[in-house]
Amino acid sequence: MPEGNVIHRLARAHDRDLAGRRLAVSAAQKRFAKEARALDGRVLDRAEARGKHLFHHWRHGPIVHIHLGMFGDFYRRELPAPPLRPTVRLRLASRAAVWDLIGPPTCEIVTEDEYAAILARLGPDILSARPDARRALERLKRTDAPIAHALLDQRIVSGIGNIYRAEALFLDGLHPLRPASSLTMDELEKLWTTVRRMMRRGVARPRISTIEPADRIRARRAEPDGRSFYVYGESLCLRCGSSVRSFPLSGRTMYACPVCQPAASVPRARK
DNA sequence: CGATTATGATTAA
DNA sequence: TAATCCTAATCGC
């Protein structure tokens, strides 16, 4: 269940374990068996993350496009490789490690043109080295949909998912139903910075935690194990203890604190 | 053992 | 909005 941070993390790991090497490629399912045979014994040049899309660029041509959707995941297996389980769509094995791809709605070989078309419909990747923030922010400024909805629109900005939209809006004290166009440019810039900071931390660490250093002590008191989120999936706000509101928004569950994210500027007309 | 749920997105209606 | 694609873990019975 990956957001952009996971995809970027995977691209790094694949570069480390697999890139520049001749790989043994296999598949347990029929779906990708023919493609796997075609790739077997070839060299992977590099892995590339773009938003929530992962691309494998193989030497002399083929590009594999992978999207993990809601359930897909890559598992790193230690050597020697365990037997292929029936749900493995694609296995990539080098002398360093084995990676198994499970449950992706998308795993396909694409042409250069198809690759370009996928990139063309993505907004700036908030995790890329130098994302075009201006372009994304101006687009948000022209969007009347709720800010929490707009943040998930991959054509506006790519990489953000359901956890980060909830947590970033919380940290910036923004009500999720405010129209994106009603935010000031300052608020939008601050939001961009907040999401980028959170997500970059999510690339560096194996587990997502959105909690700022200043709140960590409180988090530990709330749950000795160390809590990961302010409002996402929680029933009580980490900051003020109010009961967290959860409701469907853009087909997902949104979480927000009614006190820390005041509704003051939300117009009555909504839905 | 079936129902439910989960960090996603496209297509059709 | 609903149906579709995909897997695994959890919960109630």
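By convention in this document, chain letters (A, B, ...) are assigned in the order of the sequence lines, proteins followed by strands, and residues within each chain are numbered from 1.
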- Considering only heavy side-chain atoms of Gln154(A), the closest of dT7(C), dA9(B), dT7(B) is dA9(B)

- Provide the Watson-Crick or G-U wobble partner of dT7(C), both distances under 3.5 Å; none if there is no partner. dA6(B)

- Task: Could you work out the separation of dT4(B) and dA3(C) based on their P atoms and round it to a whole Å?
- Result: 15 Å

- Which nucleotide in dA9(B), dT7(B), dC6(C) has an atom nearest any side-chain atom of Arg89(A): dC6(C)

- Backbone N or O of Leu183(A) within a donor-acceptor pair of the Lys141(A) side chain at under 3.5 Å? yes

- Task: Under 4.0 Å from any atom of DNA chain C, heavy atoms only: list the residues of residues 199-211 of chain A that qualify, in numerical order.
- Result: none

- Task: Measure from CG on Asn162(A) to C1' on dA9(B) and round the result to the nearest Å.
- Result: 13 Å

- Note on the structure: In whole angstroms, the gap separating P of dA9(B) from NE2 of His65(A) amounts to 10 Å

- Query: Under 4.0 Å: is that the gap between some side-chain N or O of Thr87(A) and OP1 or OP2 of dC6(C)?
  - Reply: no

- Query: What's the CD1-C1' distance between Ile118(A) and dT10(B), to the nearest Å?
  - Reply: 13 Å

- Query: Does Glu138(A) use its side chain to pair, donor to acceptor, with the backbone of Ala136(A) at less than 3.5 Å?
  - Reply: no

- Query: Should dA12(B) form a Watson-Crick or G-U wobble pair with both distances under 3.5 Å, which nucleotide is its partner?
  - Reply: dT1(C)

- Determine, answering yes or no, if Phe71(A) is stacked on dT7(C) under the 5.5 Å centre rule and the 30° plane rule. yes

- Check whether any side-chain N or O of Gln29(A) sits under 4.0 Å from OP1 or OP2 of dT7(C), and answer yes or no. yes

- Answer with base, sugar-phosphate or nothing: what part of the nucleic acid does Arg155(A) contact at a heavy-atom distance below 4.0 Å? nothing

- Message: In whole Å, measure the gap between the P atoms of dA9(C) and dA9(B) for me.
- Response: 23 Å

- Would you mind telling me which of dT7(C), dA9(B), dT7(B) lies closest to the side-chain atoms of His67(A)? dA9(B)

- Item | Distance in angstrom units between Glu108(A) CD and dC6(C) P, rounded | 13 Å

- Query: Tell me: CD1 of Ile66(A) to P of dA9(B), nearest whole Å?
  - Reply: 16 Å

- Task: Using a 4.0 Å heavy-atom cut-off across all strands, classify Arg121(A) as base, sugar-phosphate, or nothing.
- Result: sugar-phosphate

- Query: Is there a donor-acceptor pair closer than 3.5 Å between any side-chain N or O of Ser242(A) and the backbone N or O of Cys237(A)?
  - Reply: no

- Task: Keeping the roles fixed (side chain from Ser158(A), backbone from Gln154(A)), state whether a donor-acceptor pair exists under 3.5 Å.
- Result: no

- Query: Just checking Ile163(A): base, sugar-phosphate only, or nothing, at a heavy-atom cut-off of under 4.0 Å?
  - Reply: base

- Task: Measure up the Tyr115(A) and His57(A) rings against each other and bin them: parallel (under 30°), tilted (30 to 60°), perpendicular (over 60°).
- Result: perpendicular

- Which residue, Tyr255(A) or Lys52(A), contacts DNA chain B at a nucleotide closer to its 5' end, judged by nearest heavy atom? Tyr255(A)

- Taking the side chain of Tyr75(A) as heavy atoms from C-beta outward, which of dA8(C), dT7(B), dC5(C) is closest to it? dA8(C)

- For the residue pair Phe74(A) and His14(A), categorise the inter-ring angle as parallel (less than 30°), tilted (30 to 60°) or perpendicular (more than 60°). perpendicular

- Message: Classify Glu167(A) by what it touches in the nucleic acid, base, sugar-phosphate, or nothing, heavy-atom distance under 4.0 Å.
- Response: nothing

- Message: Enumerate the salt bridge (Lys or Arg N to Asp or Glu O under 4.0 Å) contacts for residues 25-48 of chain A, please, sequence neighbours excluded, ordered by first and then second residue.
- Response: Asp45(A)-Arg59(A), Glu48(A)-Arg50(A)

- Query: Does Leu171(A) offer a backbone N or O that forms a donor-acceptor pair with the side chain of Gln261(A) under 3.5 Å?
  - Reply: no

